[in-house]
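Below you'll find the structure, written out as structure tokens, and then a few comments.
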Amino acid sequence: MNGSANRMDGPYPGGAAGFGQAVRNSLTMAYRALLKVKHTPELWFDVTLQPILFTLMFAYLFGGAIAGDVRGYLPIIIPGILVQTVITTSIVTGVQLREDMEKGVFDRFRSLPIARIAPLAGALMADSIRYAIASVLTFTVGYLIGYRPAGGLGYVAVAAALVIVCAWSVSWIFAFFGVSARTASGVQGVSMLVLLPLTILSNAFVPVETLPNWLQWFVKLNPVSHLVSAVRDLANAGTFSRELAISLAGAAAIVAVFAPLTVRVYMRRA
Amino acid sequence: MRRSFPLHVPNAELAVEARGLVKAFGDRRAVDGADLTVRTGTIFGVLGPNGAGKTTTLKMLATLLRPDGGEARIFGYDAVRDAHRVRRLIGVTGQYASVDETLTARENLIVFSRLLGLGRGEARRRASELLERFGLADAADRQLKTFSGGMRRRLDLAASLIVTPPLLFLDEPTTGLDPRTRAQLWEMIRELVRSGSTVLLTTQYLEEADQLADRIAVIDRGRVVAEGTADELKASVGASSLELAVRHAKDLAEARRVVEETLRVRTAAMPESGRITAPAADADRLADLLIALRERGIGLAEISVRKPTLDEVFLAITGRTAVGNREERGTGSPGFAQDHDPEREVVV
């Protein structure tokens, strides 16, 4: 009470929150998400341990069978693992959003004069950092076991950025599950059910030519395959291919559909 | 410390004005036409048993729930249409601590401060100030997981006071607190109101409403069944009662006869304690009674007039006792706490 401003002469006069305030509030919420991670590091196992474990596992398990040796398999598998890991990570957005909304602290957020979208936007922002960590780790482990992407560091960075953007877009789908589901475990279940076939039934781990025709049809259609191809073209060949355009268009389409849906459901519940 | 809010609001007189609030969950009407009026600068108590609709009512007023019917105005702003404006004027402390479990106390306050528009340094300073004031400085950098219920409550309240809200909602602020922490919290609430804020609190503790609230609304099954000051509510139940204790047990029967004759009422006697209870007479008759007793040489150990307790009010209004309260005091018959009576006023 000593000397604090009361809310009427506070920094945000007027009606609903403006864009500037929305950005500031969202950044604060992202900061909060990062603080949470600081205290519960196990929340980041999926973006730290998983890329390391999966890269090593798949490289040595399938390397000989698919490409003759591990070294030859790396240009195929590293982009595959990258996409698979980072996209899978985006599920957490929905689960954590749901968990958050069930807690008492959410009542406080809702009673504060902040932009309504901030808790959602903040969560999505903080998750981009998770994707970045997973990307860096996957490439690093790949490099350590002998992956030398021909595209060079610049193109690898672009490839990582592409995956981060796409994962962020996909996380809107799970955010939608998150805001509409009744329980956090429900979100987890539904999300895995959607994601597993998409990431496994793709060109991430095996050459498409080895698959039966009907499966080839699905795999070629699968957006994850396009993303994996785009990453391979960037990292291994240093080219911006048509796959890149397809991936970005797909990401944009997902955001265009799911962002408004999510925001609408979220605002109604929040 | 006194500080009034230069409120530029449509209605600076009435902090809360609710008419016919309704909220249904499925086919159960949790709140069924509640009316509330809270004057600015007062403490208003919403009293009721578990499940009476207190929290739901509070949530509608605090923009956390959208009413299915009726309307609520906070300082004249509609709680639904002008929700964002209302949120600038209120603070809410929920029944279940509305703070972040995984963060430390300090981080919680910093995050909320930043959300309220304080700068980085300002947020840090404010957090430290509040931690100090709420006796949490030692625990400031511990995660809330390790906090006791009382510490959580205090942090929760601190979070609601980052910027002093003109209107503060407190949902059962002292439930589960030890008496000392409860007393501290009461003092903080009083101080807040002295400095110009308005407080609406829910409670199932009759004593809390009695001690703190300027006005009390008794809510039962989603409706406000009585409203007034604690005294008015007690008066509405009926007259006060007179209690006498004779010095010598052998005088009990005689004394009882004298009381019944002088006051022309029926009395109840408790031979074990040598007590007589009667509906309180007016003061003149009381003087006659004392003289009559002295004339007969009956010595009195004690004489008192007590108003009905809020327990009795509650029982009379709702036909039930406040849940949990009775058991704690451990008396048998609900509503007539003879041996533990905070309302006794000794007149002689």
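Owing to the predicted nature of the structure, the values given are computational and were not obtained by experimental measurement. Just so we're on the same page: letters track the sequence lines, and every chain starts at 1.
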Task: Over 12 non-hydrogen atoms of neighbours within 6.0 angstrom of OH in A:Y143 - done: no
TODO: Report the C-alpha distance between B:F112 and A:T28 in whole Å, list the side-chain angles of each, state the deciding distance to 0.1 Å, and finish with yes or no for side-chain contact (heavy atoms from CB on, under 4.5 Å).
DONE: CA-CA 9 Å; B:F112 295 134; A:T28 304; over 6 Å; no
- [ ] In plain terms, say whether B:E107 and A:K38 are close enough for a salt bridge, that is, a side-chain N and a carboxylate O under 4.0 Å apart.
- [x] yes
TODO: Taking atom CZ of B:R66 as the centre, report whether more than 12 heavy atoms of other residues, nucleotides or ligands fall under 6.0 Å from it.
DONE: no
TODO: Go through the atoms of A:K103 and report whether side chain, backbone, both or neither lie under 4.5 Å from a heavy atom of chain B.
DONE: neither
Open item on the list: Could you report the tightest heavy-atom contact between A:S111 and B:L64, atom names first, then the distance?
Closed with: N-CD2, 3.9 Å
Task: Atom pair OG1 (B:T102) and NZ (A:K36), whose distance is rounded to the nearest 0.5 Å - done: 4.5 Å
Open item on the list: So does A:N25 get a backbone contact from the side chain of B:R114, meaning a donor-acceptor N/O pair under 3.5 Å?
Closed with: no
Open item on the list: Surrounding CZ of A:R264 (heavy atoms of other residues, nucleotides or ligands, distance under 6.0 Å), is the total greater than 12?
Closed with: no
- [ ] Calculate, to the nearest 0.5 Å, the distance between atoms NE2 and CD1 belonging to B:H84 and A:I114 respectively.
- [x] 9.0 Å
Task: A:E102, CD atom: more than 12 neighbouring heavy atoms under 6.0 Å - done: yes
Open item on the list: Tell me if a side-chain donor or acceptor on A:R108 pairs with a main-chain N or O of B:S98 at a distance below 3.5 Å.
Closed with: yes
Open item on the list: For a quick test of reading the model, state the closest non-hydrogen atom pair linking A:L112 to B:L115 and the distance between them.
Closed with: CD1-CD1, 4.0 Å
- [ ] Give, for atom OG1 of B:T104 and atom NE2 of A:H39, the distance between the pair rounded to the nearest 0.5 Å.
- [x] 5.0 Å
- [ ] Would you give the length of the straight line joining atom CG of B:D100 to atom CG of A:L35, rounded to the nearest 0.5 angstrom?
- [x] 9.0 Å
TODO: Measure the spacing between CG of A:D107 and CG of B:D156 and express it to the nearest 0.5 Å.
DONE: 10.0 Å
